[in-house]
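Shown next, in structure tokens, is the structure this report addresses.
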Amino acid sequence: MLTVLPIRYVADIEASRSFFTGLGLIFRSEESVPVWAHLAAGAGAVGLHDASVSKGRPAGTVELGFSTDEKLEDVAARLTAAGYAHELVEEDFGRSIRVTDPDGVVVQIQEIDTDTMRRAQSLL
């Protein structure tokens, strides 16, 4: 199942986390590290990513993303069957599929692995 997970690149994780929890989102510490905060909502979530370690994305940038509990190979097979080119990417948080929508915008489908995320965080 896909869960909507837009990623907001921010200049200050703590300030942004405080703001969004003030709006009513719930901070999930077990799915977070110092450069990434996972905030759950009733229907979906928001990921806050420290822009300074984002590989070039400036603060204020937002990406449309989804997290999934499906195997990415199953998602990839569905995309291939539908005729959509995609890329499977090894990430600092696990793996993702990147696929371009009809307007040319890249959409990310993430398989988040908290062990991989914590190992990557320890290298910063």
- [ ] Enter the distance from Tyr84:OH to Arg78:CZ here, rounded to the nearest 0.5 Å.
- [x] 12.0 Å
- [ ] Carefully, step by step, assess Val46 and Leu25 under the rule side chain to side chain contact (heavy atoms under 4.5 Å, CB included).
- [x] CA-CA 8 Å; Val46 172; Leu25 280 78; 3.8 Å; yes
- [ ] Would you please test Val53 and Trp36 for side chain to side chain contact (heavy atoms under 4.5 Å, CB included) and show each step?
- [x] CA-CA 10 Å; Val53 296; Trp36 170 264; over 6 Å; no
Task: Flag side-chain contact, heavy atom, 4.5 Å: Ile97 against Leu79 - done: yes
Task: Intermediate values then yes/no, salt bridge (Lys or Arg N to Asp or Glu O under 4.0 Å), Glu91 and Lys55 - done: CA-CA 11 Å; Glu91 304 274 12; Lys55 300 177 184 169; 5.2 Å; no
Open item on the list: Determine whether a donor-acceptor pair (N or O, by modelled atom type, separation under 3.5 Å) exists between the side chain of Asp50 and the backbone of Ser52.
Closed with: yes
- [ ] Would you mind reporting whether Glu70 and Ile109 have side-chain heavy atoms less than 4.5 Å apart?
- [x] no
Open item on the list: Side chains of Thr21 and Leu39, heavy atoms from C-beta outward: is any pair under 4.5 Å?
Closed with: yes
- [ ] Report the distance from atom OG of Ser29 to atom NE2 of His38, rounding to the nearest 0.5 Å.
- [x] 11.0 Å
Open item on the list: Would you say that Glu63 contacts Arg57 through its side chain, given a criterion of any heavy-atom pair below 4.5 Å between the two side chains?
Closed with: yes
Open item on the list: Show the nearest heavy-atom pair for residues Arg17 and Ala37, with the distance to one decimal.
Closed with: CD-CB, 4.4 Å
- [ ] Could you walk me through whether Leu5 and Phe66 pass the side chain to side chain contact (heavy atoms under 4.5 Å, CB included) test, one step at a time?
- [x] CA-CA 5 Å; Leu5 180 67; Phe66 299 89; 5.7 Å; no
Task: Minimum heavy-atom distance Ala59-Ala51, with the two atoms named - done: N-CB, 3.6 Å
Task: Same apolar cluster (I L V M F W Y, side chains within < 4.5 Å links), Leu72/Leu64 - done: yes
Task: Over all atoms of both residues, closest heavy-atom pair of Tyr9 and Pro58 - done: CB-O, 3.7 Å
Task: Expected output: side-chain Ser18 to main-chain Glu14 donor-acceptor under 3.5 Å - done: no
Open item on the list: Just verifying a value: how many Å separate His49 NE2 and Thr61 OG1, rounded to the nearest 0.5 Å?
Closed with: 11.5 Å
Open item on the list: How close do Val62 and Pro6 get, counting heavy atoms only, and between which atoms?
Closed with: CG1-CB, 4.4 Å
- [ ] Taking the side chain as every heavy atom from C-beta outward, state whether Leu88 and His86 have any atom pair closer than 4.5 Å.
- [x] no
- [ ] Could you grab the distance from atom CD of Glu73 to atom OG1 of Thr80, nearest 0.5 Å is fine?
- [x] 11.5 Å
- [ ] Assess whether salt bridge (Lys or Arg N to Asp or Glu O under 4.0 Å) is satisfied between Arg98 and Glu87, documenting all intermediate values.
- [x] CA-CA 5 Å; Arg98 301 206 179 173; Glu87 177 184 13; over 6 Å; no
Task: Distance-only donor-acceptor check, side chains Arg119 and Ser122, under 3.5 Å - done: no
TODO: Write down the atom of Thr3, the atom of Gly44, and the distance for their closest heavy-atom approach.
DONE: CG2-CA, 3.7 Å
Task: Pairwise distance CG(Asp92) to OG(Ser54) - rounded to 0.5 angstrom - done: 11.0 Å
Open item on the list: For Gly94 versus Thr116, what's the shortest heavy-atom pair and its separation?
Closed with: N-CG2, 3.6 Å
